[in-house]
Amino acid sequence: MVQKKIFIPTPKLYVLYTGDKKLEKEEISLNEEYFNNEGCADLKIKILTKENLNKLSETQENNIISQYVTFTEISDYFVKKYGRSKKTAKMVINECISKNILKSFMQEHREEVCDMELLFDPEVYGRIHDAAVAREAREEGMQEGMQQGRQEGELSAFIKLYKQGLIKEVDAARMLNMSIIEFLELVK
């Protein structure tokens with residue numbers, strides 16, 4: 001039986017950036033950004049910003065992504081002005097509805113949007129932020145510990161090889177990026 005390949009549309013991946021910082025890239029490589037180019041596969045992801053969204057859509061009114069960007073701008077504005085609260089959430093929703101931004105969604109899901117703890121409850125937002133910072137610190141600590149462990153493992157391996165007469169002190173010091181005197185001090 002002869003198998004025939006079927007046509008599969010090329011997948012396109014996007015990330016939506018709504019921040020104010022000017023980005024240097026319009027596309028990122030997951031392999032490059034997260035796997036130090038050591039992964040066996042790569043995904044290219046197009047970064048959508050306010051500027052390049054206009055290239056992809058006809059008008060803002062009929063493009064849900066552009067409406068979402070406008071929603072984030074309105075939300076950011078009100079949160080900066082009034083802080084994170086349910087009252088702020090209601091103001092954001094009313095503003096979006098009045099400007100026809102995600103209007104049907106906002107009308108249909110008004111209470112759910114107001115109850116979005118992540119966006120509008122300062123205590124929950126603070127806990128989530130603190131947890132993210134703590135997780136990042138733990139990951140950095142693990143990386144430093146692993147690096148230190150590798151260095152200590154290399155050092156003890158070279159000391160062992162030196163004591164067994166399998167490697168000269170000059171070669172061990174060079175491989176460990178230290179002087180011969182530093183290496184011999186560690187051997188004692």
Side-chain angles (χ1 to χ4, degrees), residues 4-143:
K4 182 177 163 185
K5 288 184 181 180
I6 59 169
F7 171 76
I8 299 174
T10 304
K12 293 182 182 180
L13 304 172
Y14 298 93
V15 64
L16 180 59
Y17 175 74
T18 61
D20 295 328
K21 189 174 93 173
K22 183 75 175 162
L23 300 178
E24 297 174 14
K25 300 178 181 180
E26 288 188 10
E27 183 177 87
I28 60 172
S29 156
L30 284 186
N31 195 21
E32 182 181 315
E33 295 288 328
Y34 295 100
F35 305 112
N36 202 23
N37 283 325
E38 294 178 9
C40 61
D42 191 18
L43 293 172
K44 303 283 185 189
I45 300 174
K46 176 96 170 144
I47 301 171
L48 297 179
T49 62
K50 292 178 265 189
E51 292 78 30
N52 66 17
L53 265 174
N54 294 332
K55 298 174 190 174
L56 297 175
S57 64
E58 311 81 43
T59 63
Q60 185 169 340
E61 293 82 38
N62 64 9
N63 182 327
I64 195 154
I65 297 172
S66 292
Q67 288 185 46
Y68 178 76
V69 169
T70 304
F71 161 75
T72 63
E73 290 170 340
I74 292 169
S75 178
D76 290 347
Y77 170 79
F78 278 95
V79 167
K80 283 178 188 170
K81 190 168 183 176
Y82 302 107
R84 294 182 181 277
S85 67
K86 286 198 177 205
K87 183 178 178 183
T88 303
K90 289 177 183 176
M91 292 178 355
V92 168
I93 292 166
N94 291 336
E95 182 73 11
C96 287
I97 291 170
S98 73
K99 291 188 173 181
N100 202 26
I101 305 298
L102 303 173
K103 184 176 182 174
S104 61
F105 178 83
M106 294 292 178
Q107 288 173 324
E108 187 175 331
H109 300 282
R110 180 183 299 265
E111 289 306 311
E112 292 170 55
V113 176
C114 280
D115 288 338
M116 289 176 66
E117 293 181 52
L118 173 62
L119 291 177
F120 297 103
D121 185 324
E123 188 177 310
V124 172
Y125 182 80
R127 284 196 313 263
I128 290 170
H129 178 266
D130 292 348
V133 169
R135 183 177 58 248
E136 189 173 300
R138 277 194 312 274
E139 289 172 2
E140 285 177 13
M142 281 179 28
Q143 291 297 325

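These numbers were taken from a predicted model, which means no experiment stands behind them.
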Review point. What's the spacing between L48 CG and Y14 OH if we round to 0.5 Å?
Key: 6.5 Å

Exercise for review: Quick one: closest heavy-atom pair of F78 and V92, and the distance?
Suggested key: CB-CG2, 3.7 Å

Review point. Are the side chains of I45 and K25 in touch, meaning some heavy atoms are under 4.5 Å apart?
Key: no

Exercise for review: Compare all side-chain heavy atoms of S75 with those of Y77 and state whether any distance is below 4.5 angstrom.
Suggested key: no

Exercise for review: Return the minimal non-hydrogen interatomic distance between D42 and S29, and the atom names on each side.
Suggested key: OD2-OG, 2.8 Å

Check your understanding: Is there a side-chain contact (heavy atoms from CB on, under 4.5 Å) between M91 and K81 once you walk through the steps?
Key -> CA-CA 11 Å; M91 292 178 355; K81 190 168 183 176; over 6 Å; no

Point to revise | Shortest non-hydrogen separation from I97 to M106 and the atoms involved | key: CG1-CB, 3.6 Å

Revision key, fill the gap. For L102 and F71 the tightest heavy-atom approach is CD1-CB, 3.9 Å

Revision key, fill the gap. NZ (K80) and OG1 (T88) are apart, to the nearest 0.5 Å, by 14.0 Å

Revision key, fill the gap. Between N31 and E38 the two heavy atoms that sit nearest each other are OD1-N, 3.5 Å

Check your understanding: Which value, rounded to the nearest 0.5 Å, describes the distance between F105 atom CZ and R110 atom CZ?
Key -> 12.5 Å

Point to revise | Closest heavy-atom pair and its distance - C96, I74 | key: SG-CD1, 3.9 Å

**Study point:** Straight-line distance of L13 CG to K46 NZ, nearest 0.5 Å
**Key:** 13.0 Å

Practice item. Look at the side chain of T18 and the backbone N and O of V69, then say whether any donor-acceptor pair between them is shorter than 3.5 Å. Key: no

Review point. Could you give the distance from CG (N36) to CD (E33), rounded to the nearest 0.5 Å?
Key: 10.5 Å

Exercise for review: Answer yes or no: is there a side-chain heavy-atom contact under 4.5 Å between E32 and N37?
Suggested key: yes

